[in-house]
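Step one of this worksheet: look at the structure below.
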Amino acid sequence: MRPYVILNAAMTLDGKIATATGSSEISGEEDLRRVHELRRECDAIMVGINTVLADDPRLTVHRVDAAPGDNPVRVVVDSMARTPPHFRVLNDEAPTVIGVSESAPPERVAELRKRAEVVVAGTRRVDLHLLLERLHGMGIERLMLEGGSTLNYSMLTGGLVDEVRVCIAPMIVGGRDARTLVDGEGIDEMADAIRLELKRSYTLGEDLIVEYTVKG
Ligand SMILES: NC(=O)C1=CN([C@@H]2O[C@H](COP(=O)(O)OP(=O)(O)OC[C@H]3O[C@@H](n4cnc5c(N)ncnc54)[C@H](O)[C@@H]3O)[C@@H](O)[C@H]2O)C=CC1
Ligand SMILES: Nc1nc(O)c(N)c(N[C@@H]2O[C@H](COP(=O)(O)O)[C@@H](O)[C@H]2O)n1
């Protein structure tokens with residue numbers, strides 16, 4: 001058993017979720033409120049380690065009203081236990097789970113255990129199926145996946161995403177080194193593409209929100 005997973009992200013019209021230098025303020029104010037309402041409805045928010053290192057995110061509900069218990073569990077996918085102990089994802093605003101692999105240096109794992117629950121899943125890279133199973137065992141039924149593009153790829157190709165919600169901002173930045181919504185190794189044949197079904201589309205300020213379910 002695993003949680004129901006909603007992938008949420010904001011991208012420019014040309015599919016970038018950050019510029020090559022890591023600048024990633026894309027959503028308008030209304031979309032940010034939608035994101036935080038969605039966070040409030042979920043039991044956990046999951047990101048990859050590169051997103052933590054690039055953004056030092058809080059991953060809490062802080063743009064809409066929230067009671068203290070409304071913050072979801074924060075989950076970082078971090079094979080080598082590289083999450084810096086002073087980063088905001090490890091503050092006391094919400095509980096945090098760090099998913100590491102068996103290859104993570106024990107001294108870094110021990111340091112993280114002082115501030116977070118550490119789940120060991122996988123030998124070199126985090127085994128996402130196993131991590132999600134463990135999260136479900138902790139009572140997480142609805143999980144919001146907030147990137148980045150490498151983790152999005154692994155989750156989608158692993159068949160671990162149920163819905164995709166994307167904010168398309170009226171911006172274009174280009175750049176072959178800029179992260180897109182989904183990167184990773186990529187799928188070779190269009191015939192093998194992950195198929196989605198459009199459920200809803202609407203505008204929020206200048207942004208276009210598109211919501212899909214992933215076809216099984
Ligand atoms: N506009 C938006 O909505 C968002 C933008 N971003 C941006 O995305 C960028 C970071 O994205 P990425 O570099 O792609 O990194 P990422 O955040 O997807 O982290 C990927 C890393 O996670 C680790 N990992 C461990 N096990 C893994 C597994 N099984 N599958 C995949 N990764 C695994 C690896 O170290 C891997 O390099 C940042 O610039 C950030 O600002 C991130 C989230 C949302
Ligand atoms: N939905 C969305 N729109 C954007 O424009 C973004 N840059 C992001 N980024 C994600 O949100 C995290 C920051 O969260 P906090 O405000 O610090 O709680 C960031 O790390 C990305 O995962 N998302």
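Quick caveat, the model's predicted, so the values are computed rather than measured. Hydrogens, waters and symmetry mates are skipped; everything else that's a heavy atom, side chains included, is used. Order of appearance sets the numbers: ligands from 1, and atoms from 1 within every ligand.
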Any N or O of [X] that comes nearer than 3.5 Å to an N or O of ligand 1?
X	value
Ala54	no
Gly22	no
Leu128	no
Glu146	no
Ser149	yes
Asp78	no
Ala10	yes

Show which atoms of ligand 1 fall inside a sub-4.0 Å distance from at least one heavy-atom site of [X].
X	value
Gly48	16 (P), 17 (O), 19 (O)
Ala18	39 (O)
Ser154	28 (C), 30 (N), 31 (C)
Arg179	11 (O), 12 (P), 13 (O), 14 (O)
Thr150	12 (P), 14 (O), 15 (O), 18 (O), 20 (C), 31 (C)
Arg82	35 (O)
Ala9	3 (O)
Ile26	1 (N)

Looking at every non-hydrogen atom in both residues, tell me the closest pair between [X] and [Y] and how far apart they are.
X	Y	answer
Leu143	Pro3	CB-CB, 4.0 Å
Leu90	Pro84	CD1-O, 3.7 Å
Val126	Asp78	CG2-N, 4.0 Å
Ala10	Ser27	CB-OG, 3.2 Å

Is a salt bridge present between [X] and [Y], judged by a nitrogen-to-oxygen distance below 4.0 Å?
X	Y	value
Glu163	Lys199	no
Glu117	Arg113	no
Arg2	Asp162	yes

Of all the non-hydrogen atoms in the protein, which one sits nearest to [atom], and at what distance?
atom	answer
atom 21 (C) of ligand 2	Asp55 OD2, 3.7 Å
atom 10 (C) of ligand 1	Thr51 OG1, 3.5 Å
atom 13 (C) of ligand 2	Pro57 CB, 3.7 Å
atom 18 (O) of ligand 1	Leu151 N, 2.9 Å
atom 1 (N) of ligand 2	Val35 CG2, 3.4 Å
atom 14 (O) of ligand 2	Arg39 NH2, 3.0 Å
atom 25 (C) of ligand 1	Ser79 OG, 2.8 Å
atom 15 (O) of ligand 1	Asn50 CB, 3.0 Å

Check against side-chain hydrogen bond (donor to acceptor under 3.5 Å, both in side chains), Ser23 and Thr21:
CA-CA 6 Å; Ser23 168; Thr21 59; 5.6 Å; no
[atom1]/[X] to [atom2]/[Y] distance, rounded to the nearest 0.5 angstrom?
X	Y	atom1	atom2	value
Ile26	Ile168	CD1	CD1	11.5 Å
Glu206	Glu30	CD	CD	9.0 Å
Arg74	Met46	CZ	CE	15.5 Å
Ile194	Tyr212	CD1	OH	13.5 Å

Check contact between [X] and ligand 1, using heavy atoms of the residue and a distance below 4.0 angstrom.
X	answer
Val47	no
Asp183	no
Met11	no

Closest by any non-hydrogen atom to [atom]: pick that one out of [options].
atom	options	value
atom 4 (C) of ligand 2	Gly148, Ala169, Ala94, Ser27	Ser27
atom 32 (N) of ligand 1	His129, Arg125, Lys16	Arg125
atom 16 (P) of ligand 1	Ala178, Gly148, Ser101	Gly148
atom 6 (C) of ligand 2	Ser24, Ser23, Cys167	Ser24
atom 41 (O) of ligand 1	Asp55, Asn152, Ile49	Asp55
atom 29 (N) of ligand 1	Val126, Thr180, Val166	Val126
atom 10 (C) of ligand 2	His62, Arg63, Arg58, Glu146	Glu146

Stepwise side chain to side chain contact (heavy atoms under 4.5 Å, CB included) test for Val73 and Asp43:
CA-CA 6 Å; Val73 173; Asp43 302 311; over 6 Å; no
Is it the case that one hydrophobic cluster holds both Leu145 and Met1, taking links as side-chain heavy atoms less than 4.5 Å apart, direct or via other members?
no
Count I, L, V, M, F, W, Y as connected when their side-chain heavy atoms are under 4.5 Å apart, and connections chain through other members. Are Leu32 and Leu7 then in the same cluster?
no
Step by step, work out the side chain to side chain contact (heavy atoms under 4.5 Å, CB included) result for Ile98 and Val119.
CA-CA 6 Å; Ile98 310 280; Val119 172; over 6 Å; no
Does the side chain of [Y] come within less than 4.5 Å of [X]'s, by heavy atoms?
X	Y	answer
Arg179	Ser149	yes
Tyr202	Arg34	yes
Val75	Thr96	no

Within a distance under 4.0 Å of any heavy atom of Thr51, pick out the atoms of ligand 2 and give their elements.
20 (O), 22 (O)
Using a 4.0 Å cutoff against the non-hydrogen atoms of Ile26, which atoms of ligand 2 qualify?
5 (O)
With a heavy-atom distance limit of 4.0 Å, tell me whether Ile17 approaches ligand 1 through its side chain, its backbone, both, or neither.
both
Heteroatom distance test (Leu59, ligand 2): nitrogen or oxygen, under 3.5 angstrom:
yes
Can you confirm, on distance only, whether ligand 2 has an N/O atom lying under 3.5 Å from any N/O atom belonging to His36?
no
Contact partition for Asn8 relative to ligand 2, non-hydrogen atoms under 4.0 Å
side chain
